Amino acid sequence: MKTPCEFWAEEVMPTLRASIARILYSKGLTQAKIAEYLGITQAMVSKYLTGKYKKLGGRLGEEIEKVAEEVAGLILYGAKKEDLVRFLNRKFFEMFRSGILCKDYLDYIGSNDESLCMEIFAEEPSRTQILEELSLALNGLLRDEK
């Protein structure tokens, strides 16, 4: 069983890193500097720049290219690595919630059950929902003590 995180790491990140590397290289950064920013080897950057990796197509490929442009821009403006991680994490959840990643993920795991993505990446409960659930749990515990 492959999780959405595995799909992101194995299928999406190589295309994203390659696109970021291409953009940064076109802006004059060295392969070594790009490797440092992306947390990969210079050899991998070279591989990405020569096109020797599996590319994503379709709508997902287009969206990943947009994300790559945003990340490259953040790097060029001096964003910290922690900020880049936060940004990509937010994009990961946004893309699943919006359905952009869902079809490709389902193809990846050999399923056609679209409800799976919606269940996994449903909006986080509101503060009110959490407080209501905590209140119910507390009331249950207090009843059990009697």
Side-chain angles (χ1 to χ4, degrees), residues 1-138 140-141:
M1 179 60 139
K2 299 272 189 166
T3 67
C5 294
E6 288 174 289
F7 170 69
W8 181 261
E10 294 175 1
E11 300 292 320
V12 177
M13 285 303 293
T15 298
L16 180 59
R17 284 188 189 108
S19 294
I20 295 168
R22 180 183 38 75
I23 294 165
L24 294 176
Y25 192 72
S26 74
K27 300 292 183 184
L29 274 72
T30 65
Q31 289 185 18
K33 195 67 173 169
I34 294 167
E36 183 183 323
Y37 280 120
L38 298 181
I40 57 177
T41 65
Q42 181 275 324
M44 185 57 85
V45 171
S46 177
K47 182 179 175 181
Y48 285 152
L49 292 175
T50 58
K52 296 178 182 172
Y53 63 95
K54 182 180 174 186
K55 298 174 179 100
L56 294 171
R59 182 173 177 218
L60 179 55
E62 292 170 9
E63 289 298 319
I64 292 303
E65 185 62 30
K66 290 176 190 174
V67 172
E69 290 171 11
E70 291 178 90
V71 171
L74 291 170
I75 290 170
L76 292 169
Y77 287 111
K80 294 185 222 171
K81 289 182 183 182
E82 296 83 0
D83 293 330
L84 297 172
V85 169
R86 286 183 188 99
F87 175 81
L88 285 175
N89 188 56
R90 196 168 44 252
K91 285 295 179 182
F92 170 73
F93 284 100
E94 285 174 9
M95 291 175 80
F96 261 106
R97 285 184 184 128
S98 70
I100 292 169
L101 288 174
C102 189
K103 180 191 175 305
D104 292 84
Y105 170 65
L106 292 175
D107 290 345
Y108 176 72
I109 63 169
S111 175
N112 59 3
D113 183 3
E114 291 183 18
S115 68
L116 178 63
C117 292
M118 299 311 139
E119 289 171 21
I120 293 173
F121 292 98
E123 290 291 327
E124 294 184 21
S126 68
R127 184 172 191 258
T128 303
Q129 290 171 314
I130 292 170
L131 290 173
E132 287 172 357
E133 289 181 26
L134 286 172
S135 178
L136 289 171
L138 179 61
L141 288 171

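Quick caveat: nothing in here was measured; it's all calculated off a predicted structure. Note that the numbering runs from 1 along the sequence shown for the chain.
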How would you list all residue pairs meeting ring-ring contact (aromatic ring centres under 6.0 Å, His included) that involve residues 100-119, not counting sequence neighbours? Phe7-Tyr105, Phe7-Tyr108, Phe96-Tyr105
Just jot down the side chain to side chain donor-acceptor pair (under 3.5 Å) partners of Thr3, sequence neighbours excluded, or say none. Glu6
Which residues share a side chain to side chain donor-acceptor pair (under 3.5 Å) with Arg17, sequence neighbours left out: none
Determine, for Glu94 against Lys91, whether the closest basic-nitrogen to carboxylate-oxygen distance falls under 4.0 angstrom. yes
Residues pairing under disulfide bond (SG atoms under 2.5 Å apart) where one sits in residues 50-96, two or more places apart or in two chains, turn out to be none
Measuring from Leu60:CG to Ile100:CD1, what's the distance to the nearest 0.5 Å? 8.0 Å
Can you pull out every salt bridge (charged side-chain N to carboxylate O under 4.0 Å, His left out) where at least one residue sits in residues 104-114? Sequence neighbours excluded, please. Lys103-Asp107
Assess the residue pair Trp8 and Leu101 against the criterion (side-chain contact (heavy atoms from CB on, under 4.5 Å)); give the C-alpha distance rounded to whole Å, side-chain angles, the decisive distance to 0.1 Å, and a yes or no. CA-CA 9 Å; Trp8 181 261; Leu101 288 174; 3.7 Å; yes
Gap separating the CD1 atom of Ile20 from the CG atom of Leu84, nearest 0.5 angstrom: 8.0 Å
Report the C-alpha separation of Leu106 and Asn112 in whole Å, then their side-chain angles, then the decisive distance to 0.1 Å, and conclude whether the side-chain contact (heavy atoms from CB on, under 4.5 Å) test is met. CA-CA 6 Å; Leu106 292 175; Asn112 59 3; 5.9 Å; no
Which pairs of donor and acceptor atoms, one on a side chain in residues 25-40, lie under 3.5 Å apart (sequence neighbours left out)?
{"unit_1": "Ser26", "atom_1": "OG", "unit_2": "Ile23", "atom_2": "O", "d": "2.6"}
{"unit_1": "Thr30", "atom_1": "OG1", "unit_2": "Lys33", "atom_2": "N", "d": "3.0"}
{"unit_1": "Gln31", "atom_1": "OE1", "unit_2": "Gln42", "atom_2": "NE2", "d": "2.3"}

Sequence neighbours excluded, the answer for side chain to side chain donor-acceptor pair (under 3.5 Å) partners of Ser19 is Glu65
List the residues meeting side chain to side chain donor-acceptor pair (under 3.5 Å) with Lys54, not counting sequence neighbours, and say none if there are none. Glu11
Steps toward side-chain contact (heavy atoms from CB on, under 4.5 Å) verdict (Leu16, Leu56): CA-CA 9 Å; Leu16 180 59; Leu56 294 171; over 6 Å; no
With ring-ring contact (aromatic ring centres under 6.0 Å, His included) as the rule and sequence neighbours excluded, what pairs involving residues 41-63 come up? Tyr48-Tyr53
Would you call Lys66 and Glu69 a salt bridge, taking side-chain N to carboxylate O under 4.0 Å as the test? no
Please give me the minimum heavy-atom distance between Val67 and Met95, naming the atom from each residue. CG2-SD, 4.3 Å
What pairs meet the disulfide bond (SG atoms under 2.5 Å apart) rule with one or both residues in residues 60-100, with sequence neighbours excluded? none
What pairs meet the salt bridge (charged side-chain N to carboxylate O under 4.0 Å, His left out) rule with one or both residues in residues 72-84, with sequence neighbours excluded? Asp83-Arg86
Residue pairs involving residues 27-102 (criterion disulfide bond (SG atoms under 2.5 Å apart); sequence neighbours excluded): Cys102-Cys117
